[in-house]
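One structure is given below, encoded as structure tokens.
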Protein chains: 2
Amino acid sequence: MALSNAGVRLIWPGRPEPHPKSVGELRHRRGSDANLRLIHGDNAAALRVLAQSGVRVALAYLDPPFFTGREHTLVERRNGRTDESTRAHAFDDRWDSLEAYLESLVERVRLTRELLLPEGCLVLHVDPRTSHYLKVLCDEVFGAASFASEIVWRYRRWPSKTRNFQRVHDVLLRYVRDPERPPRFRQLYEPLAASTLATWGNRKQRAVVDASGRRVRSSKTAEATPGTPLGDVWDIGIVAPVAKERTGYPTQKPEALLERLITSCTDLGDLVLDPYFGSGTTGVVCARLGRRLIGVDSNRRAITIARRRLAALDADPVEERLIEPDEAAPDEPDAARASLSRAG
Amino acid sequence: MALSNAGVRLIWPGRPEPHPKSVGELRHRRGSDANLRLIHGDNAAALRVLAQSGVRVALAYLDPPFFTGREHTLVERRNGRTDESTRAHAFDDRWDSLEAYLESLVERVRLTRELLLPEGCLVLHVDPRTSHYLKVLCDEVFGAASFASEIVWRYRRWPSKTRNFQRVHDVLLRYVRDPERPPRFRQLYEPLAASTLATWGNRKQRAVVDASGRRVRSSKTAEATPGTPLGDVWDIGIVAPVAKERTGYPTQKPEALLERLITSCTDLGDLVLDPYFGSGTTGVVCARLGRRLIGVDSNRRAITIARRRLAALDADPVEERLIEPDEAAPDEPDAARASLSRAG
DNA sequence: GCAGTTAATGAATCGCATG
DNA sequence: CCATGCGATTCATTAACTG
């Protein structure tokens, strides 16, 4: 039986219907490499502008706030050391209610879906305390048949004292745009299980069937196996607190995680979208793997950190500022601008 | 912010309100060890009877059908070989709709919750395609604050050809009865990560904090570490097709999985409830670990297989037959009885 | 009737964990 | 080291409905 969720719906008092909004415009600021676009502004508004301009992406990776109820800050890092004096606002993860949080996210998911190529996919990175609500809502947006995978990212961290199992995983919900069409997918492999290796070495097995067509046994072949096809539970270390990879931006995701996702779900030259760009790990991996990118973040410092990381890879991303239709000033001077000039 | 789901509710046309039903009665059949009770009959009806008799359990493990849309069968196994000629009905996993499936399960969850000790917990073992709907519904039954863990069971299996990540995990949703009270919990440990072992060996680390109370570094201590506290992602092998552990019953769960759960969530002598008993793996582990058990299954062959497995451990479980109030015959003869007599 | 959609059936598959 | 069995796979095909 195909999983159909027709009729099952998540509701709450005052849940709004989606409705169109007027779009803003993008103003170019600096940079020369149009394969890497960083957009400073509200992501919902940016997604509307991008939709109107006809942009279509192979992969959208969304790493939104996790409903922690906290305001998250970032620290400057110089020579691998944090400088506490420069602690600044990164993003606000305080919400009036679970409903408000879900509404905000599902609106972005809905807008992002419009930007997917027919063979494209969306990956929503969340926490196992909210993933279930979001899965139900995303099933409503995409249709349950478009659900592809619940990817479990298993990491290791400093244990906390609790009368419960340590929470050591995040959840990545993957949806394809069109379930009828084979999605972009490159088969990756992981090492064989120890027991298989012990029994079979790295030789492929072949099923042996008898005259009546029933299988009787397996046999070893001369062919070497590349490993077992990659599963949906990924054991990847977090970015260690002292790692060189650290940017000082909170909730930074490891490059290995993004690399696996981008390699699996896109081809060389494909366009990747990240509406919650943060310190730009997605951008770094895209630059390294030859994928094009659009990253959006409402925080000026995030854009600056991402720009520096990309500059270190000899990339010069185009930077744009989103002008929303109701903004009075055409291109207001903002406080961060001076510091950016120094940085650039 | 504590996760509150007040106001968010899963609905569908015709979703029923829970309502009380008249209870049946249990009729004793055979067996002498009242620490192990096997009940043959509909589990919802059995849960009502148990509630009325005042039974309270420390752990309820529910392993319901996974919404596969198939009828599952079992085969006889003699000397580790399957005999195809004896293929028989095990359980029916065909449903009119997702709604019907959810309704059936959530009713059992609601009834099971009533049987939990204040410090007890319920674990619902499901599939990542339905886990999200069930989590939303269970949050409604228990309150979101009672949600303890999403446990991910990662296993290894034969890969299938698909343009997607191989699905290699199940989900176990754990809820505590009373979030205000410390639940039964025994801290288990797993081996340290390879990188930790390389740096620290098996010595415990101690956080070193400076005068201002901020942590500056860690130091090695003389104390040996028992490992890292057990996480919520469990890597446990499936029961191999040729393993001695195999019963011939479909969807059999490995003893290692139940052992970890039961050891963590119960003390010696505690009562465990399994309303979807199947071939009785929960019972085998309970008998081995000195826990008491109530297992319920509507399939006569399942009860028979479970009884045999327990007999092999020198246990003689009490077997009961549930008589529902609307049943005409007081204790009807059933076909399986003769074969059971031979077995017993 | 016929096209279109859905459900049931059959075939292919190879890594895993025993014995 | 070698033999063994198989699937809470997935994919393709056929059969059975529906309008």
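Throughout, protein chains are lettered first and strands after them, A, B, ... in sequence-line order, and every chain is numbered starting at 1.
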**Message:** With nearest nucleotide decided by heavy atoms, which residue, A:Thr199 or A:Pro229, maps closer to the 5′ end of DNA chain C?
**Reply:**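 Residue closer to the 5' terminus by nearest nucleotide: A:Pro229.
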**Given DNA chain C, 5'-ward residue of the pair B:Trp158 and B:Glu245, judged by closest heavy atom** =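 Nearest-nucleotide comparison on DNA chain C picks B:Trp158.
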Counting just side-chain N and O atoms, does [X] come under 4.0 Å of either OP1 or OP2 of [N]?
{"X": "A:Thr196", "N": "C:dC16", "answer": "yes"}
{"X": "B:Arg156", "N": "C:dG15", "answer": "no"}
{"X": "B:Arg70", "N": "D:dT9", "answer": "yes"}

**Message:** Is the terminal nitrogen or CZ of A:Arg129 (NZ for Lys, CZ for Arg) located under 6.0 angstrom from the six-membered ring centre of B:Phe147 and within 45° of that ring's axis?
**Reply:**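 Here A:Arg129 fails the 6.0 Å and 45° test against B:Phe147.
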**Message:** Considering every strand and a 4.0 Å limit on heavy-atom distances, what is the contact class for B:Asp63: base, sugar-phosphate, or nothing?
**Reply:**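 The residue B:Asp63 makes base contact.
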**Request:** Describe the nucleic acid contact of B:Pro64 in one word from base, sugar-phosphate, nothing, applying a heavy-atom distance below 4.0 Å.
**Result:**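 Base, at least one base heavy atom under 4.0 Å.
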**Prompt:** Relative to the 5' end of DNA chain D, which residue comes earlier, A:Ala198 or B:Gln166, by the nucleotide with the nearest heavy atom?
**Reply:**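 Final value for this comparison: A:Ala198.
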**A:Thr228 versus B:Arg156, side-chain donor and acceptor atoms under 3.5 Å** =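 Not at all, the side chains of B:Arg156 and A:Thr228 share no donor-acceptor pair under 3.5 Å.
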Mind calculating the distance between [atom1] ([X]) and [atom2] ([N]) to the nearest angstrom?
{"X": "A:Leu197", "N": "C:dC16", "atom1": "CG", "atom2": "P", "answer": "9 Å"}
{"X": "A:Glu180", "N": "C:dG4", "atom1": "CD", "atom2": "P", "answer": "14 Å"}
{"X": "B:Lys244", "N": "C:dA17", "atom1": "NZ", "atom2": "C1'", "answer": "14 Å"}

**ring-ring contact (aromatic ring centres under 6.0 Å, His included) against A:His169, all qualifying residues, sequence neighbours excluded** =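 ring-ring contact (aromatic ring centres under 6.0 Å, His included) check on A:His169 returns nothing, list empty.
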**Item:** Proximal nucleotide (of C:dA17, D:dC11, C:dG15) relative to the B:Thr162 side chain
**Value:**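 So the side chain of B:Thr162 is nearest to D:dC11.
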**Asked** In which ranges does DNA chain D form stems of 3 or more consecutive Watson-Crick or G-U pairs, distances under 3.5 Å?
**Response**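 When the pairs of DNA chain D are grouped into runs of at least three, the stems are C:2-12 with D:9-19, C:15-19 with D:2-6.
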**Item:** Geometric class of the A:His132/B:His132 ring pair [parallel <30°, tilted 30-60°, perpendicular >60°]
**Value:**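 The arrangement is tilted - the two ring planes meet at 30° to 60°.
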**Message:** Salt bridge check, B:Glu259 against B:Arg288: does any charged N sit closer than 4.0 Å to a carboxylate O?
**Reply:**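 Salt bridge present between B:Arg288 and B:Glu259.
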**Prompt:** When you check the gap from the basic side-chain N to the acidic O, do B:Arg15 and B:Glu103 get nearer than 4.0 Å?
**Reply:**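 No salt bridge links B:Arg15 with B:Glu103.
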